[in-house]
Protein chains: 2
Amino acid sequence: MSSEKLAPRTRRPRRKKGSSPKAETKRQKILDSAAKLFSLQGYAQTKLSDIAKEAGTHAGSLYYHFKSKEDLVQDVLGMTMSLLSNAVMAKVNELPETATPSERIAAGIQAHVLHILQRGFYTQAYMKIIDQVPAHVRRAYVMAPRAYGNYWRGLLEGARQAGELRTDLNPTILRLLLLGSITWMLEWYKPDGPLSADQIADEVTKLFFDGARKR
Amino acid sequence: MSSEKLAPRTRRPRRKKGSSPKAETKRQKILDSAAKLFSLQGYAQTKLSDIAKEAGTHAGSLYYHFKSKEDLVQDVLGMTMSLLSNAVMAKVNELPETATPSERIAAGIQAHVLHILQRGFYTQAYMKIIDQVPAHVRRAYVMAPRAYGNYWRGLLEGARQAGELRTDLNPTILRLLLLGSITWMLEWYKPDGPLSADQIADEVTKLFFDGARKR
DNA sequence: GTCTATACTCAGATAGAC
DNA sequence: GTCTATCTGAGTATAGAC
């Protein structure tokens, strides 16, 4: 059950006829540039000319690849959650059959933290701009995190069933607090800080399982 | 040491000469309206005409009270952290002398959660728009949360000194994870959800102190 | 103090040459 | 496919009446 990937969000299921591999490469470069700038500056603050410059082209040229700025941001959002959830699921699925549910959770935490702190401009962009895009765009893309949330629900539920988690905590709140504390890292994490992303993931895991109280 | 308030951020230390109590009231209403709309829609998405409408006036009229939209948002940001930290400090200071450091932390969590979920349009606006305002504005206001962060640092350090918290967790990360999980509530909390703000605060406290593992 | 009308600016979008 | 030049609309800001 944990092995199937989330359905890829295919807003643009087929290439425009006539678009070449070259165009596809350029298109990808534009998306990467957009994700980067959105993550750093937000949606409204990022001008198409900024994105074009980052991608080595000009504002007007973007319109060969995208209908509008809104169209562009939708593609960025569309790629985001599948990148993250695929990374997390892959890591969890790497575990041996004998892994306990708690070990699966720990692996998921690790993978999620590393993904958002190290790789993903896309994830960072998503978190930053999901609140900034037009409402109808947002509505179309909040389903993606929900699917990912369901994956975590399963992870936690598995551990609970196995008797590894306390039963006096609301499972939904538990999940939201865990993922929230990780998501918020994007606001304070600095790559050159004293702790590595790996170490930070360990701290989260320890706190999540055992709390901060001395015993 | 926990009783002094954070220095109020006084961008506008004195009234413009000639400004009346009436103007001051109106000004406040405009700020409240702006905080509300910023928290709901973000910075760029909120037009001055929206704010004016909400405050029962017109876009042009705002310029009697504020030099610019940027000036207005700075006042909103300026009020935010002091409202939050005053609420939290007040609650913590209400505790009897005999309260343990852990009880102080629990009270702080409670107050912070209730404040952002129930009251504060200002806090919600702050969280939402701090990433959306021009960089030089942001720079001027990131100090405010830092001061609040220091208050929490003290709260946690007190408990650690008293031997109530484990010492194998990085205190800074611990603080950021705790406050992050709370901050992120603004993204998922719905007033009509199954759990009250009070109950959610309890869940956070339990998870923070004792973790999710079954014992 | 607040209104209405209007000027200005910025950035998204389009057209057409190459 | 990409460029430059240009159009247009939205929204901030100003002016001047009341």
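Everything quoted here is computed from the prediction, not taken from an experiment. Letters A, B, ... mirror the listed sequences (proteins, then strands); counts begin at 1.
- Distances shorter than 4.0 Å separate none of the side-chain N or O atoms of A:His58 from OP1 or OP2 on D:dA5.
- When each of C:dA13, C:dA11, C:dT2 is scored by its nearest atom to the side-chain atoms of A:Ser68, the top-ranked nucleotide is C:dA13.
- Closest contact between the side chain of B:Tyr64 and the listed nucleotides D:dT12, C:dT2, C:dC3 involves C:dT2.
- One interatomic measurement links the two molecules: CG of B:Asp50 to C1' of D:dT12, which rounds to 13 Å at whole-angstrom precision.
- In this structure, the CD atom of B:Gln41 is 14 Å from the C1' atom of D:dG11, given to the nearest Å.
- Relative to the side chain of B:Lys69, the nucleotides C:dA13, C:dT2, D:dA13 differ in distance, and D:dA13 lies closest.
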A:Asp131 and B:Gln132: CA distance, side-chain angles, deciding distance, side chain to side chain donor-acceptor pair (under 3.5 Å) verdict: CA-CA 10 Å; A:Asp131 279 341; B:Gln132 305 178 22; over 6 Å; no
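- At a cut-off of 3.5 Å, with distance as the only test, no side-chain donor of A:Tyr122 or A:His115 sits close to an acceptor on the other residue.
- Distance CD1 (A:Ile30) to C1' (D:dC3): 14 Å, rounded to an integer number of Å.
- Annotation: cation-pi pair A:Lys69/A:Tyr43 present, NZ/CZ under 6.0 Å from the ring centroid and within 45° of its normal.
- With DNA chain C read from its 5' end, the first of the two nearest nucleotides for A:Gly60 and A:Lys47 is the one closest to A:Lys47.
- Between the NZ atom of B:Lys53 and the P atom of D:dG11 there is a distance of 13 Å, rounded to whole Å.
- Of the candidate nucleotides D:dT12, C:dC3, C:dA11, C:dC3 has the atom nearest to the side chain of B:Thr57.
- Spacing between atom CG of B:Leu48 and atom C1' of D:dA13 amounts to 9 Å, rounded to whole angstrom units.
- Rounded to whole Å, the distance from CZ on B:Phe66 to P on D:dG11 is 21 Å.
- Taking all atoms of both residues into account, the shortest heavy-atom contact from A:Thr80 to A:Thr123 is CG2-CA, 3.6 Å.
- Between the OH atom of A:Tyr63 and the P atom of C:dA11 there is a distance of 13 Å, given to the nearest Å.
- Here B:Thr46 lies in heavy-atom contact (under 4.0 Å) with sugar-phosphate atoms only.
- Ring to ring, A:Tyr148 and A:His112 are close: their centroids are under 6.0 angstrom apart.
- To the nearest angstrom, C1' of C:dA11 lies 13 Å from CD of A:Gln45.
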